[in-house]
Amino acid sequence: MINLTDSAISVLKAAIASTTQAASGLRIMVEGGGCQGFTYKMDLAHEPSSEETVFEQGGVKVFVDNASRAHLSGTTIDFVVSLEGSGFRFDNPNANSSCSCGKSCR
């Protein structure tokens with residue numbers, strides 16, 4: 001469904017371990033908006049809601065909103081360090097276009 005790169009897994013494990021809030025995984029969803037149609041939302045979460053699918057990769061639990069599953073299917077999430085800044089990058093094969101702000105359009 002979603003692939004986390006080794007870099008993303010490493011950063012997520014460190015974030016989960018260092019948070020002062022109780023967290024056991026990463027929550028991901030897609031919402032309408034942004035300049036290209038969709039925006040990705042990520043947050044550390046303690047447990048999944050009843051409307052989420054849970055999977056685990058590399059020791060990181062990922063909670064995916066069921067309404068977002070079709071939009072995120074096949075997406076690779078990477079953590080990139082560059083001169084422009086560091087952050088998560090979504091490579092979504094379902095997106096028809098994207099822009100530099102991290103949004104995509106389906």
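What's counted below: heavy atoms across the whole structure, side chains too, no hydrogens, waters or symmetry copies. Bear in mind that the values here come from a model prediction, so they are computed numbers and not experimental data.
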| Would you say the side chains of Glu52 and Asn66 form a donor-acceptor pair under 3.5 Å? | no

| query | With sequence neighbours excluded, what pairs up with Glu47 under the side chain to side chain contact (heavy atoms under 4.5 Å, CB included) test? | reply | none

| task | May I ask whether Ile2 and Val80 are part of the same hydrophobic cluster, defined by side-chain heavy atoms of I, L, V, M, F, W, Y residues being less than 4.5 angstrom apart, directly or through others? | result | no

| task | For the pair Phe79 and Phe88, name the ring-plane relationship: parallel under 30°, tilted 30 to 60°, perpendicular over 60°. | result | perpendicular

| remark: Scanning both residues in full, the closest heavy-atom pair of Ile9 with Gln57 reads CD1-O, 4.0 Å

| field | Partner of Ile77 by side chain to side chain contact (heavy atoms under 4.5 Å, CB included), out of Val62, Ile28, Asp91 | value | Ile28

| query | Where the side chain of Ser10 meets the backbone of Asp6, is there a donor-acceptor pair that is under 3.5 Å apart? | reply | no

| Is there a donor-acceptor contact under 3.5 Å from the side chain of Ser68 to the main chain of Val30? | yes

| said: Side-chain heavy atoms nearer than 4.5 Å, only ILVMFWY residues, links allowed to pass through others: does that put Met1 and Tyr40 together? | reply: yes

| Where is the tightest heavy-atom contact between Leu72 and Asn92, given as atom of each residue plus distance? | CA-ND2, 4.4 Å

| field | Approximate separation, where rounding is to 0.5 Å, of Met42 CE and Phe90 CZ | value | 5.0 Å

| query | Within a strict 4.5 Å, meaning less than it, do heavy atoms of the Leu26 and Phe63 side chains meet? | reply | no

| query | Got a donor-acceptor contact below 3.5 angstrom from the Lys13 side chain to the Gly58 backbone? | reply | yes

| request: First locate atom OG1 of Thr19, then atom NE2 of His46, and finally report the distance between them rounded to the nearest 0.5 Å. | output: 12.0 Å

| Side chain to side chain, Gln21 and Leu44, heavy atoms closer than 4.5 Å | no

| field | Shortest non-hydrogen contact from Gly74 toward Pro93 | value | O-CD, 3.4 Å

| query | NZ of Lys41 to CE of Met29: how many Å apart, nearest 0.5 Å? | reply | 9.0 Å

| task | If a pair satisfies salt bridge (charged side-chain N to carboxylate O under 4.0 Å, His left out) and one of its residues is in residues 74-84, list it, with sequence neighbours excluded. | result | Asp78-Arg89

